[in-house]
Amino acid sequence: MAAIGTWSFSRPAVERMRCMLLAGQNATDVVETAMAVVEDDVETGRHIVGRGGYPNFKGVVECDAAIMEGVPGRFGAVAALQGIAQPCRVARKVMDRSPHSLLVGEGAEAFAQELGFTSEPNDNMLSDHTAAAYQDFLDKNKTVSGGHDTIGLIALDLSGNITVGVSTSGAPFKSPGRVGDSPLPGCGLYADHTVGAAAATGDGDKIMCYCPSFHVVQLMRQVSNSGSNPNEACRAVLDDIQRRIGGDTCFEIGLISLNIKGEVGAASSVEFPYTFWNQGMDSVEEQVINQPSSNTSLNN
Ligand code: SD4
C-alpha cells in the first residue's frame, strides 16, 4: 500500500488516502474520496482546484479532472466543466457509467446533472480570494500572474490495484474552453497495473506536447525488469524534455510516480513539494525538490 500527492496542499488528501488504504478500501474509491475533500474546500481550491479555483477570463470557474485505473481501458475525464465542485467524482462516473472517456463543457455538466450532481451558480465556485484576484486581473489590464497547482493523487491498495486522479481549475484567467494536460491520458496522468502510475502538474499547454505521464510509466516498465525506480523515471523524462527544448530553462512541470512495489518518485523543473506515504512509514511525509537539476533520493 502507498499513496502520493502533488504539492504541500495534498497532505490532507494523502492522510485520508493512508487511512482508507489501511482500512482496506480500493484504490479508486480512495483517490476519488481524497480528491473530493480538496476539490470541495474553498481554501485548498485557492490552489487552483475545484471550488475556490481561479476563473477563466470571463470570471467563470471551469475545471478539468480525470481518473485512471491500472486495468487496461479504465479511464474517465471531464474538461471545461462548470458549476460542479467535485469534478473528479464526475470523471469517475464517466469511467463507470458512460460509453465515452472524455466529456467537455455543457455536455459534461448535463451528464453530471443526470447522475444526480448539483450544478451550482458560478458565485458559489468562487472564493473571496479568487473573486478579488479576478477583479485585480480586470483592473490590471488583464495581466496574468497565476501559478499552476493541479492536485494529482496516486493510490496503491492492499490488493495491488493502482489508480491515479487529477483535478484542476486550469490556468488562471485562461480562455473559456481552454483545456490543459490534466484530463488527457498520458499527459496529465497514466496508470498500468503491471508497472505503476504517474501524474503531472505545471504548464499544461506545454506539458501536453510531451505525454510525460505515459513516458514515466513506460520507463518504469523498462526499468522494472532490471530493478530501477520511479524517481529515476521521472528524472529521465524531465531531462528528455529539457534536452528537446534546448537551452537552460524549462517550462513549469512537476511529475510524481508510484510503482506497484510501493516506491515513490518525483522530479520537477521548479521547487516542488509533494507528500507521500507507504506501508513501511508511520505517517505521511513531505519531500521538496529544491534543485531541479539534481536527483532526489528516497529511501523506500
Ligand atoms: C493545467 N496543468 O491546466 C494544469 C494546471 C496545473 O499545476 O498544473 N497546475 O495546465
Side-chain angles (χ1 to χ4, degrees), residues 4-11 13-14 35 38-39 41 44-58 60-68 77-82 84 87-88 90-91 102 104-105 108 125 129-130 133 144-154 164-190 197-216 234 237-238 241 250-257 266-275 288-289 292:
I4 183 169
T6 53
W7 306 106
S8 299
F9 72 92
S10 68
R11 183 182 278 272
V14 175
M35 189 76 82
V38 173
E39 290 176 321
D41 180 72
T44 50
R46 209 180 148 118
H47 296 278
I48 320 186
V49 176
R51 190 190 300 283
Y54 284 79
N56 64 23
F57 82 58
K58 297 265 194 200
V60 178
V61 178
E62 281 187 343
C63 294
D64 299 341
I67 195 159
M68 188 175 219
V78 290
L81 174 64
Q82 300 180 6
I84 309 278
C88 198
V90 184
L102 170 60
V104 306
M125 297 293 287
H129 173 80
T130 49
V144 178
S145 60
H148 295 279
D149 279 334
T150 298
I151 183 159
L153 300 175
I154 311 173
V164 54
V166 290
S167 184
T168 182
S169 53
F173 317 124
K174 63 193 177 183
S175 297
R178 178 266 189 193
V179 174
D181 61 304
S182 300
L184 306 179
C187 299
L189 74 172
Y190 200 74
T201 176
D203 182 349
D205 294 297
K206 304 281 192 315
I207 291 172
M208 70 168 74
C209 304
Y210 297 89
C211 288
S213 295
F214 179 72
H215 195 178
V216 168
C234 289
V237 168
L238 196 64
I241 292 171
C250 183
F251 56 85
E252 184 177 328
I253 175 170
L255 295 166
I256 56 168
S257 64
S268 177
S269 63
V270 293
E271 182 172 309
F272 179 51
Y274 60 98
T275 67
V288 182
I289 297 181

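Ligands are counted one by one from 1 in listed order, and the atoms in each one are counted from 1 as well.
- When heavy-atom distances to ligand 1 are checked against a 4.0 Å cut-off, Thr150 comes that close through both its backbone and its side chain.
- Residue Asp205 has no nitrogen or oxygen atom sitting less than 3.5 Å from a nitrogen or oxygen atom of ligand 1, judged on distance alone.
- Ion pair Lys206/Asp181 not flagged as a salt bridge, since none of the NZ, NE, NH1 or NH2 atoms sits closer than 4.0 Å to an Asp/Glu carboxylate oxygen.
- In this structure, of Glu62, Arg178, Lys174, the residue bringing a heavy atom nearest to atom 10 (O) of ligand 1 is Arg178.
- For a threshold of 3.5 Å applied to N or O pairs, the pair formed by Gly170 and ligand 1 contains no separation below that value.
- Close placement of the Tyr190 and Phe214 rings is indicated, their centers lying within 6.0 Å of each other.
- Close approach of ligand 1 to Thr168 is summarised as follows: ligand atoms under 4.0 Å from at least one heavy atom of the residue are 5 (C).
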| field | side-chain contact (heavy atoms from CB on, under 4.5 Å) between Ile256 and Phe272, intermediate numbers included | value | CA-CA 10 Å; Ile256 56 168; Phe272 179 51; 3.9 Å; yes

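- Under 3.5 Å, the side chains of Thr6 and Thr201 contain no donor-acceptor pair of N or O atoms.
- In this structure the side chain of Val60 never reaches within 4.5 angstrom of the side chain of Pro55, judged on heavy atoms.
- Close approach of ligand 1 to Gly180 (heavy-atom distance below 4.0 Å) involves ligand atoms 3 (O).
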| task | Verify side-chain contact (heavy atoms from CB on, under 4.5 Å) between Ile67 and Val164, making sure each step is shown before the conclusion. | result | CA-CA 6 Å; Ile67 195 159; Val164 54; over 6 Å; no

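- Near Asp181, with a cut-off below 4.0 Å to any heavy atom, the atoms of ligand 1 are 1 (C), 2 (N), 4 (C), 10 (O).
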